[in-house]
2 protein chains.
Amino acid sequence: MSYAIEHIAESLKAARERKGISQRALSAKAGVPQSHISKIENGAVDLRLSSLVELARVLDLELTLVPRKKLPAVRAIIRGDDDGHRDVQSARKATNLLQRLDDQIAALPSETLSEIVVQELQRRARELMHFKLSADDVVQLQEASAAMQEFLSDPRNLEAVEQAQSQLRMLRNALAHGAGVSAPSLPRPAYRLDGDDHG
Amino acid sequence: MSYAIEHIAESLKAARERKGISQRALSAKAGVPQSHISKIENGAVDLRLSSLVELARVLDLELTLVPRKKLPAVRAIIRGDDDGHRDVQSARKATNLLQRLDDQIAALPSETLSEIVVQELQRRARELMHFKLSADDVVQLQEASAAMQEFLSDPRNLEAVEQAQSQLRMLRNALAHGAGVSAPSLPRPAYRLDGDDHG
DNA sequence: AAGATTGATGTAGAATTCTACATCAAGGCA
DNA sequence: TGCCTTGATGTAGAATTCTACATCAATCTT
C-alpha cells in the first residue's frame with residue numbers, strides 16, 4: 001500500500017480519536033460498518049473515494065487536491081494548532097526553498113549522478129514538505145540549496161551534493177523526533193513514535 | 001455521486017489540461033487505462049484511493065484532508081499566485097508543438113547538418129518544454145515548426161533551419177528574462193539556461 | 001470478579017472497480 | 001479531401017471493495 005494512502009488512513013484515525021469517538025460511533029454516523037473502518041484505519045484496504053468522503057464529512061474534514069508547490073504552506077496551516085500563524089514567514093520561506101530545491105534536483109545532470117541518488121534526494125526534499133518548518137530549519141534548507149547550486153555550476157564537485165544530502169537527512173531526522181503529531185507518515189523506524197494523538 | 005467526488009474529478013481534469021497533456025499521455029505515465037481516466041473525469045466511477053493517488057502524483061498534486069475550519073485559509077493559498085488557470089489552450093498547443101518540433105529535429109538528415117547543430121536544436125526545444133508558454137509564444141513556435149518543415153522538405157534550404165534556430169533562441173531568451181522579473185515563485189525551468197556550448 | 005466497550009479479524013456473497021481491448025464521432029492539421 | 005489525435009463508450013472477465021454478521025482479546029468500569 002502506497003505511502004499516500006497510509007497517510008490518509010492515519011489522518012482519519014487521528015481525526016476520529018481527536019473527536020473522542022469510537023469506531024462504532026463513527027460507523028453509525030457514516031453508515032460504514034465498524035469492521036470496515038478498522039480495516040481502513042489499518043491500511044488493509046484500498047478504499048473507494050465515496051467511503052473516504054463519507055468518513056471525512058463526519059469527521060469535519062474535506063478532501064482536497066493541493067499542488068505540490070503549495071504543500072508546505074498548506075501543511076503549516078493545518079498543523080498550526082492554536083497559535084497557528086506565529087510562524088507564517090518561515091513557512092513561506094520554507095515553501096520557496098523546498099520548491100527551489102526540487103527544481104535543482106530535477107536539473108541535476110544525469111551523466112554524473114546515479115538515478116538512485118537523484119531519486120533519494122527528491123524523496124527527501126518532498127518528505128520535508130510535510131513538516132511545519134521553523135526559522136532554524138529554513139537556514140538548513142538554505143545551506144542545502146546553496147550546496148546544490150554549487151554542484152550545478154560545477155558538476156565535478158561531488159562533495160557539494162553529499163553535503164546537501166546530509167543536510168536534508170539530518171533535518172528530517174531532527175523533525176521526525178521533535179514532531180509529536182505530524183510524523184505518522186514517515187517510514188516506520190524501529191522505534192514506535194505514535195501512541196498518543198493530537199491533544 | 002456526491003458533490004465532493006465530482007469536485008475531485010473536476011480538479012483532476014483541470015490539472016491535466018493545465019499541464020497540456022492528453023488522457024492517453026496521462027494514462028501512460030500513471031499506468032491507468034485511458035478509458036478509465038475518461039470515466040473518472042466524468043464522474044462515472046467511484047474510484048479507489050490508489051487510482052486517485054496515482055493520477056494525482058503524476059499531476060503534481062497531493063491528496064490532503066483539511067479540517068473544515070481551515071478550509072478557507074487553505075483555499076486562499078491554493079488559489080494564490082496561480083499562474084496556471086489562465087491559459088489552458090495555449091499550454092496544450094505549446095505542448096503539441098514542442099513535441100512536434102522534437103520529432104522534426106529527430107528526423108533531420110544527418111548528411112546535411114552537423115551533429116552539433118542538431119543537438120543544439122534538440123536541447124533548445126526541450127528546454128522550452130519547461131516553461132509556461134503564452135498564446136504569443138505559441139505563434140513563435142508555429143513559425144519555427146513551419147521553418148523546420150520547410151527544411152525537411154528541401155534539405156538545401158539551410159536558411160530555414162537558421163530561422164527556426166533563431167526563433168527558438170529568441171523565445172528562450174524572452175522567457176528566461178521575463179520569468180526572473182515578474183514573480184519570485186514562478187516555475188523555474190528544470191534545465192539550466194546558460195548556454196555552455198561555446199567553442 | 002463480572003460486565004461492558006473497544007478495536008481487530010474472519011466468512012460469504014453482492015456490487016463495483018479496474019483492466020485489456022476495440023470502436024466511434026468530433027476536431028485539428030496536412 | 002484524407003489522416004491523425006482526442007475523448008467517450010462498450011464488453012467481458014478478473015480482482016477487490018463493501019456489507020452483514022459473528023467472534024475474540026484486551027481494556028476499562030463498576
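Each chain gets a letter, A, B and so on, in the order its sequence line appears, and its residues count up from 1.
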Visitor: Taking B/R57's backbone N and O only, do any of them form a donor-acceptor pair with A/R68's side chain (distance below 3.5 Å, no angle check)?
Guide: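 It does hold such a pair.
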Visitor: Of B/K13 and B/R48, whose nearest nucleotide on DNA chain D comes first from the 5' end?
Guide: B/K13
Visitor: Using modelled atom types and a 3.5 Å cut-off, is there a donor and acceptor pairing between side-chain atoms of B/S2 and backbone atoms of B/A4?
Guide: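 Looks like yes, one N/O pair under 3.5 Å.
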Visitor: Please report the distance, rounded to the nearest Å, between CG in B/L49 and P in D/dT17.
Guide: 11 Å
Visitor: Tell me whether the OP1 or OP2 atom of C/dT17 has a side-chain N or O from B/S51 closer than 4.0 Å.
Guide: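 Result: no.
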Visitor: For the pair made of CD in B/Q149 and P in C/dC29, what is the distance, rounded to whole Å?
Guide: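 About 14 Å, once rounded to whole Å.
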Visitor: Figure out the CD/P separation between B/Q142 and C/dG28, and round it to whole Å.
Guide: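 In whole Å, C/dG28 P and B/Q142 CD are 13 Å from each other.
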Visitor: Given D/dT6, is OP1 or OP2 found less than 4.0 Å from the side-chain N or O atoms of B/S22?
Guide: yes
Visitor: For B/L59 and B/K19, which heavy atoms make the closest approach, and how far apart are they?
Guide: CD2-CD, 4.0 Å
Visitor: Determine the minimum heavy-atom distance between B/P67 and A/I78, stating which atoms define it.
Guide: CD-CG2, 4.0 Å
Visitor: Taking CD from A/E41 and C1' from C/dT6, how many angstroms apart are they, rounded to a whole number?
Guide: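 Interatomic distance, CD of A/E41 to C1' of C/dT6: 12 Å.
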Visitor: Whole Å only: how far is the CG atom of A/L47 from the P atom of D/dT19?
Guide: 11 Å
Visitor: Show me the donor-acceptor pairs, under 3.5 Å and distance only, between side chains in residues 37-44 of chain A and residues at least two apart or in other chains.
Guide:
from	atom 1	to	atom 2	distance (Å)
A/E41	OE1	A/R16	NH2	3.1
A/E41	OE1	A/Q23	NE2	3.0
A/E41	OE2	A/R16	NE	2.7

Visitor: Please determine whether a side-chain nitrogen or oxygen atom of A/N42 lies at a distance below 4.0 Å from atom OP1 or OP2 of C/dG7.
Guide: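 No, A/N42 has no side-chain N/O under 4.0 Å of OP1/OP2 on C/dG7.
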Visitor: Less than 4.0 angstrom between a side-chain N/O of A/R16 and OP1 or OP2 of C/dG7, yes or no?
Guide: yes
Visitor: Rounded to whole Å, please give me the gap between CG in B/D46 and P in C/dT17.
Guide: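 My rounded result for the distance is 6 Å.
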Visitor: Between B/E10 and B/K13, does any side-chain N to carboxylate O distance fall below 4.0 Å?
Guide: no
Visitor: Taking the inter-plane angle between the rings of A/H7 and A/Y3 on a 0 to 90° scale, is it parallel (under 30°), tilted (30 to 60°) or perpendicular (over 60°)?
Guide: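 It falls in the parallel class, under 30°.
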Visitor: Of all the choices, D/dA8, D/dT6, C/dC18, which nucleotide is nearest to the side chain of B/Q23 once you look at every atom?
Guide: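 Output: D/dA8.
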Visitor: Using a 4.0 Å cut-off on heavy atoms, which residues in residues 28-40 of chain B reach DNA chain D? List them by number, or say none.
Guide: B/Q34, B/S35, B/S38, B/K39
Visitor: Nearest whole Å is fine: how far is C/dA4 P from A/R24 CZ?
Guide: 14 Å
